[in-house]
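Let me begin by presenting the structure, written as structure tokens, before commenting on it.
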Amino acid sequence: MLSRREFLTLCVSSTLTLSLADRLLPFVTEAEAQGAISRPPVIWLELGTCTGNSISLDNAKNPNLSQLFTKMLDLRYSVLSNVAQGDMAVKALMDTVNNEAGKFWLVVEGSVMTADNGRVNEVLLRNGQMVTGLTLLKEFAPKAKHIIAVGDCAAYGGPAAAHPNPGGAKGVWDVIDNRVINVPGCPAHPDWMTGTFSHLLFYGIPELDAYNRPAMFFSKTIHELCQRRQQFEDGIFAKFPGDDGCLYKVGCKGPVTHADCPTREWNQYVNWPVKAGTPCIGCASPHFPDGMMPFYNHLPDIQTPAVAVNVKKLGAALTVLGVGAVGTHLAAGIFARRIHKHYLKGTKPSETTPPENLTQLKQDLDDLIRQQNALIAEAKSLEVQKNRQKRKSWLKRIRDFWHNENSPKGKKE
Amino acid sequence: MAVKTIFPVTRIHAPLRLDIDIQGNKVVDARVIGTLFRGFENIMVGRDPRDSILFMQRICGICSGAHSVAAAIAMQQIFKVEAVPNGQHLTNLIFAADIIQNHLRHFYLLVLYDYCKGPDIPPFTPHPNMDYRLPEKVNKELLEHGKQGIHLASRAHEMFAIFGAKAPHQQTIMATGVTEKASTERIMAYGSILQEITEWVEKVHIADVMTIAGYYKDYYDIGAGYGNFMSFGMFTLPITGRREFQPGIMKNRGNSEAFDVNKITEDVSYSWYHDEQNSRNPAQGSTIADRNKAGAYTWVKAPRYDGAPFESGPLARGWINGDYRRGISVMDRLIARAQEVLKICRLAAGWLEQLTPGGPTLRPYDPSLNGDGMGLTDAMRGALGHWISIKNGKTTNYQVITPTTWNFSPRDANNVRGPVEEALIGVTVADQNSMVEVGRVVRSFDPCFTCAVHMIEAPEKSVLLI
């Protein structure tokens, strides 16, 4: 059997995930035959979802879908899979909840729809009564052994929870008090899901970060792992998506998004967004999508009380004011929760959530420092350009600087 | 008279409730009920319109590619740009890969177990008496093909990701093309997988569907519906703008006619929305969610063309394009879908040859600040439309009508049933508790309720009446 350390090494290095199934499954079969482990019953609950995470799991490679559900987990209920329909499916669900209380895993996909007391998302008929997803979640959660939220919707609310949040969408951990393991992403990468399931099965609960994400997949930012990082350092920036160079200026949210896409890559490890020339949109972030939109505008367009400042101006300001002042500026932004929310002027900001604890705050501040570093790099590249530009009058410069041209036109630079 | 409820109908995408009225052993009335409301279009209001290509596809995890293509067509109209030829081909290739994975998954993950007995473990057990007719050997072979089919569907998503960055929810399609480059090794990679899938579909997939059709011949006479077909056309070709699949309308199995977008209206008589008038063109409208509306029974609206309900999907495309015209039934829908996979595989091979390796796949553009766009395309399940208005660079109105909205629409003001409701009439049910036959009819349409529910409204009215 693999040691936990070996297992983690396999999970972290993407190339080795290829052998995860080969190395684990023989032990599973053996352990099961000896009665050392049994396949845990799983209830896959679909709430306000696009079913994208189920589809993503269908793409799982090692273990594949069939291995996962015949050798590792015992899938008792899933709207997408049950052969029985209607009452018989509901009975299978309730039997599992009642007979396997304390043993079953509850996997939730999709945001919890809370508007109209959950009536915008009714999921089944039980004893002649329509039952909402919200009710089922609250009822099942205390009885489950593990609760795993797959996808950004179940974890943090996701796209359905974007302003104005018509259906009252919320993340699972906002609704229940039990511990939730969050596997974000839009959708979650199949490895993130199967890796988390495997860890739970063999070694118990994996190490979680401040947002309850398994650290083995979400401890580093896209920016840290990115293949175009050197171009960022060198100040070589793409002018339009699809160009060569760092995509920071065309909207990449890699500096503030924790996930291992650059080393893992998607769909049998063939590609991932930045490699394909398109900016990361931060779909694995707790702040997706409101904190990440507009997708093609760069971080951060900070809405200060006085004026909207964008990166270009901020970069210029750096040379004038010095770095420290900007740092303060940014820190003020995070405490006021101004950034991460609706960069587009005119979109009403949604209710802001302050960081819940010190660890989250620290994580957010770390993100800020990265943004600040990004700004410094940006300023350096501007410095070079500036020397080439014609001298403008000081008056015009100051006027241009404070004049807000932060339109969403996405003009070519 | 006894109204029976099936909720949830399983092996479909997201919640569907069916209320079936049975007399003797025949279905005499049916209501299909969408029970999830998310209000995606509302969310898009006030945002940068360029984001809609990436954001609105998140309505649906199984047909995300189709939504981005529809949004991209609308963006092209608003920004008055068109895709560069390479970019258009790549968009089509991404879309084709998504349709192939959808059709394979629909058959091997969702439909197969209506006809083929699964292994004796959950989620295949418990199951009611399913009227399984396949001999043991054939059954076993089909289950084995099921595993291969699921594997090949994930290979199709690999093709999708080669040019689309990741699947589901691609990230490369823009108004003027695709950000990924048409490099030789990527073209080769796509082509190799395509070849593998094409051969398998030719040899195995179509034969599998025909095997089932052979044992379930009675399903050639079940689930006909109105015989009204509609398609917006699919796969825009570069330069000419012609569609590889023709748009068209076919009324009551008649001749294929030209399609006029102005004849589309949406009716909310039986939907949980409040509106002072019951029927509107999707380009205008102010509708408010109202869960307590008397007489209403679903979140899905009732789109109508020239006042009549229309079915769309692979069978509709088959009839309109002349690819498949054997009949209209449960089996015909399954066969038309399987044959379409093969047609799309062959088309995709042709587009691969037309790519210029290393040529430009995208052109930078300046987005205009005002305008209206209408993105119409057929998706996996049928006719899909995105209607967008922008003002001062911000989205002011966004509406989506999806194929499932057409197929699974409720009654309209004239009490005319939606296409699936009509297709269920007359179905003979052996066991009123399990209603296996009803499930088969519903699944032949490949429903997807994550897409179906939507609102049309002005942003300031976007409140739920509770």
Side-chain angles (χ1 to χ4, degrees), chain A residues 46 48 50-52 55-56 58-59 65-66 74-76 78-79 81-86 88-89 92 115-116 119-125 159-160 162 164 166-167 186-187 240-242 266-268 270-273 276-278 281 289 293-296 344 346-347 407-412, chain B residues 5-11 13-15 35-39 42-43 46-48 50-51 54-55 58-62 105 113 118 121-124 126-128 147 150 153-154 157-158 161-162 165-169 171-172 174 179-180 291 361-362 364 366-367 393-394 439 450 462 464 466:
Chain A
E46 279 185 28
C50 73
T51 70
I55 307 299
S56 186
D58 292 348
N59 288 332
L65 192 68
S66 145
D74 181 8
L75 184 63
R76 298 286 181 88
S78 148
V79 165
S81 312
N82 278 84
V83 169
Q85 60 188 14
M88 193 181 247
D116 196 5
R119 278 210 303 167
V120 290
N121 178 25
E122 289 165 325
V123 291
L124 51 85
L125 186 78
C186 188
F240 198 81
W266 282 75
N267 301 90
Q268 277 63 276
V270 293
N271 212 348
W272 75 285
T278 182
I281 58 171
M293 289 174 94
F295 293 139
Y296 299 106
L344 192 56
T347 309
S407 72
K409 280 173 68 179
K411 275 196 296 198
K412 280 183 290 169
Chain B
T5 301
I6 315 177
F7 188 43
V9 177
T10 53
R11 283 178 286 124
H13 295 278
T35 60
L36 167 66
F37 164 85
R38 290 185 298 168
N42 242 9
I43 294 172
R47 292 177 197 255
D48 186 336
R50 294 173 301 160
D51 288 355
L54 301 186
F55 185 76
R58 288 176 156 80
I59 291 177
C60 181
I62 184 81
R105 283 198 172 125
Y113 302 102
I121 54 163
F124 308 103
H127 63 78
K147 281 187 193 166
I150 294 164
S154 73
H157 252 171
E158 195 180 329
I162 285 171
K166 72 188 238 293
H169 303 320
Q171 212 159 306
T172 60
M174 295 186 79
T179 63
E180 181 55 277
R291 183 62 172 74
T361 55
L362 187 71
D366 283 324
K394 275 183 271 179
T450 55
S462 65
L464 279 166
I466 293 167

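Using a 4.5 Å cut-off between heavy atoms, A/E122 contacts chain B through both its backbone and its side chain. Both the backbone and the side chain of A/S81 come within less than 4.5 Å of a heavy atom in chain B. With a threshold of 4.5 angstrom between heavy atoms, B/I121 approaches chain A through side-chain atoms but not through N, CA, C or O. If you measure heavy-atom distances from B/K147 to chain A, the contacts under 4.5 Å come from the side chain alone. Residue contact with chain A, scored on non-hydrogen atoms closer than 4.5 Å, involves the side chain of B/L362 exclusively.
Of the listed residues (A/I281, A/N82, A/L125), the one with the most heavy-atom contacts under 4.5 Å to chain B is A/N82. The candidate from A/A92, A/G277, A/S78 with the greatest count of non-hydrogen atom pairs under 4.5 Å with chain B is A/G277. Among B/I162, B/I62, B/I43, B/I150, the residue making the largest number of heavy-atom pairs under 4.5 Å with chain A is B/I43. When the candidates B/C60, B/P123, B/G61 are compared by the number of heavy-atom contacts under 4.5 Å with chain A, B/P123 comes out ahead. Between chain A and the options B/M174, B/H169, B/R105, the largest number of non-hydrogen pairs under 4.5 Å is found for B/R105. Chosen from B/P15, B/A161, B/P168, the residue pairing most often with chain A at heavy-atom distances under 4.5 Å is B/P168. By number of non-hydrogen pairs under 4.5 angstrom with chain A, the leading residue of B/I6, B/T5, B/T361 is B/I6. Counting heavy-atom pairs under 4.5 Å between each of B/L54, B/T172, B/T10 and chain A puts B/T10 at the top.
Annotation: side chain of A/L75 is not in contact with side chain of B/P122 (no heavy-atom distance under 4.5 Å). Between A/P289 and B/R58, every side-chain heavy-atom pair lies at or beyond the 4.5 Å cut-off. At least one side-chain heavy atom of B/H157 sits under 4.5 Å from a side-chain heavy atom of A/I55.
The backbone N or O of A/V83 sits less than 3.5 Å from a side-chain atom of B/R11, completing a donor-acceptor pair. Counting only distance, with no hydrogens or angles, the side chain of B/T179 and the backbone of A/P241 share no donor-acceptor pair below 3.5 Å. The backbone N or O of B/R291 lies less than 3.5 Å from no partner atom in the side chain of A/R119, so there is not a single donor-acceptor pair.
Across every non-hydrogen atom of A/P273 and B/K166, the tightest pair is CG-CD, 4.1 Å. Scanning both residues, A/A160 and B/R38, for their nearest heavy atoms gives CB-CD, 4.2 Å. Smallest separation of non-hydrogen atoms from B/P8 and A/V123: CB-O, 3.8 Å. Residues A/A162 and B/F55 share a closest heavy-atom pair of CB-CZ, 4.4 Å. The minimum heavy-atom distance linking A/A276 with B/A165 is given by the pair CB-CB, 3.7 Å. Nearest heavy atoms, A/C50 versus B/I59: CB-O, 3.3 Å.
Exactly one residue among B/Q171, B/E158, B/E180 makes a side-chain hydrogen bond (donor to acceptor under 3.5 Å, both in side chains) with A/N271. That residue is B/E180.
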